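Here the structure comes first, spelled out in structure tokens, and everything after it is commentary.
In what follows, every heavy atom counts, from backbone to side chain, and hydrogens, waters and symmetry copies are set aside. In this text the structure is predicted, and so the values were computed from the model without any measurement.
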Amino acid sequence: MKKKNTVLKISLGVVAAALAAANYACDYAIKRPDPAKKKNPETRETYIKRDEIRRQNNQRLYDLDPEDLTIKSVTGLNMKAWFLPAEKPTNRFVICVHGYKCNGPDEFSHMMPFYHYDLGYNYLLPDLTGHGRSEGEYIGFGSFDAKNILLWVDYLINRFGEDIEIILHGISMGAATVMNCNEMSPPDQVKLIIEDCGFINAEAVMNNTLKGLIGFKFMPIVKLGSVFSKLKAGYFFSESDPLKNMDKAKNPVLFIHGEEDTYVPFEYGKMLYDACPVPKDCLWVPNTVHAFSYYNAKDEYEEKVKEFIAKYMDKKEEAVTA
């Protein structure tokens, strides 16, 4: 009897420890960072340089006095965005969707000159829920985020008219978000998807992150963490799965990925590309880690985007006028 009690106590202890670990892992992954909590100073030279570039580009954006927009999310939270109108009237828009624990300007202000000046597009930089200036306690990993980005699409259509054309461009978690949008039958005004270092699904990237933290994958913790995520944030990790739903893709997709990416492994980009059934192209950037493709290969990146637009948007426009 004593032996059975001991086994029961050990079993209950293991279960309790697993639940505690899963709850901690869930909060670590999806809870909005506490702004009052001090971060360890950045020591990696590459990231220090990127932070300085971001500060400079953010100031360039703010100096142009972008419009401060607010709409309601699918759960009634305030979502914020900066909107920079084109210098000359145009019906073309780009919505740039940032990645994990980032925000619109930090992730995308460095592409403002390209989209605003070179291409002459209207430029929208939303903050996803749980990020930046938007409300929300929890991060969506592209699940409800895709529904919210489609609300921004609706906002632009309602404000600027039915004849507008929209590109969705996302980096990392934002890339998964725009792929999810493309798999949800977006309005016809959405014409192209540009995904930069997006993950195949939220569960896979969390397994990969956990491996980086503890040295090995431990899938039961992630599975349990997904249950806590459903209870706290309203979604299972499996609900954000661009790869599984790729057969529902509607619009052409440009895939971009750094070949030395370990956070969202380069192989994910190739898997997504291979699974994509709609017109597509890719840019694989050598010697490049996660979310650094534009920094390391600016000219190649911009040229590939221009080629993609010319092939799949300008061509359609020419066909209509011909």
Side-chain angles (χ1 to χ4, degrees), residues 29-35 54 57-58 61-62 64-85 93-109 111-112 115-116 121-161 164 166-187 189-190 193-196 198-199 202 229-230 232-237 239-240 242 291:
I30 72 168
K31 198 167 185 179
R32 185 182 195 133
D34 182 356
R54 282 178 169 178
N57 287 323
N58 286 358
L61 172 67
Y62 299 142
L64 293 173
D65 194 25
E67 186 178 353
D68 187 355
L69 302 180
T70 305
I71 65 172
K72 292 293 184 181
S73 74
V74 290
T75 55
L77 298 171
N78 286 326
M79 294 191 302
K80 303 290 290 183
W82 294 112
F83 176 65
L84 184 64
F93 295 73
V94 60
I95 301 177
C96 294
V97 187
H98 66 80
Y100 182 63
K101 294 185 179 178
C102 197
N103 59 70
D106 277 356
E107 195 82 273
F108 271 103
S109 64
M111 290 191 200
M112 182 275 291
Y115 277 119
H116 181 65
Y121 285 13
N122 300 291
Y123 196 57
L124 184 72
L125 295 181
D127 287 343
L128 298 174
T129 56
H131 293 81
R133 300 180 305 133
S134 291
E135 294 178 345
E137 185 179 358
Y138 294 106
I139 295 168
F141 271 89
S143 56
F144 54 72
D145 297 317
K147 297 174 185 177
N148 288 333
I149 291 300
L150 291 178
L151 290 179
W152 283 114
V153 168
D154 290 341
Y155 169 87
L156 294 178
I157 295 169
N158 291 332
R159 176 174 172 181
F160 295 101
I164 66 173
I166 301 171
I167 295 173
L168 301 182
H169 188 158
I171 291 179
S172 190
M173 189 179 78
T177 299
V178 300
M179 284 188 284
N180 286 338
C181 289
N182 199 34
E183 297 161 2
M184 296 169 65
S185 190
Q189 287 80 3
V190 176
I193 305 297
I194 302 173
E195 79 84 22
D196 182 338
F199 51 74
S229 174
K230 184 67 174 179
K232 295 180 179 186
Y235 72 96
F236 292 112
F237 297 155
E239 291 177 37
S240 182

* Do NZ/NE/NH1/NH2 and the carboxylate oxygens of Lys232 and Glu137 come within less than 4.0 Å? ->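 Between Glu137 and Lys232 there is no salt bridge, as every charged N stays at least 4.0 Å from the carboxylate O atoms.
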* Asked: Below 4.0 angstrom, N of the basic side chain to O of the carboxylate: do Lys80 and Glu135 qualify?
  ->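 Answer for the salt bridge query: no.
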Out of curiosity, [X] [atom1] to [Y] [atom2], how far, rounded to the nearest 0.5 Å?
X	Y	atom1	atom2	result
Ile166	Ile149	CD1	CD1	11.0 Å
Met173	Ile139	CE	CD1	6.0 Å
Leu69	Leu124	CG	CG	6.5 Å
Gln189	Ile167	CD	CD1	14.0 Å
Asn122	Tyr115	CG	OH	13.0 Å
Leu77	Thr129	CG	OG1	6.5 Å

Test item: [X] and [Y] side chains (from C-beta on) under 4.5 Å apart, heavy atoms:
X	Y	result
Pro105	Asp127	yes
Ile157	Ile164	yes
Met111	Ile171	yes
Leu150	Pro187	yes
Leu84	Leu61	yes
His98	Asp106	no
Val153	Pro186	no
Ile193	Cys181	no

* Side-chain (Asp145) to main-chain (Thr177) donor-acceptor, under 3.5 angstrom ->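 No, because the side chain of Asp145 does not come within donor-acceptor range (under 3.5 Å) of the backbone of Thr177.
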* **Exam field: side chain Asn148 to backbone Val74, donor-acceptor pair closer than 3.5 Å** =>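 Yes; at least one donor-acceptor contact below 3.5 Å.
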* To do: Looking only at non-hydrogen atoms, find the nearest pair between Ser240 and Phe199 and report the distance.
  =>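 Looking at all heavy atoms of both residues, the shortest contact is OG-CE1, 3.8 Å.
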* Asked: So Phe108 and His169, would you call those rings parallel, tilted or perpendicular, with 30° and 60° as cut-offs?
  ->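 Ring orientation of Phe108 relative to His169: perpendicular.
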* Do other residues, nucleotides or ligands put more than 12 heavy atoms under 6.0 Å from Lys230 NZ? ->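 Yes, because the 6.0 Å sphere around NZ of Lys230 holds more than 12 heavy atoms from other groups.
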* When the ring centroid of Phe83 is compared with that of Phe160, is the distance short of 6.0 Å? ->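 Here the rings of Phe160 and Phe83 have centres that are less than 6.0 Å from each other.
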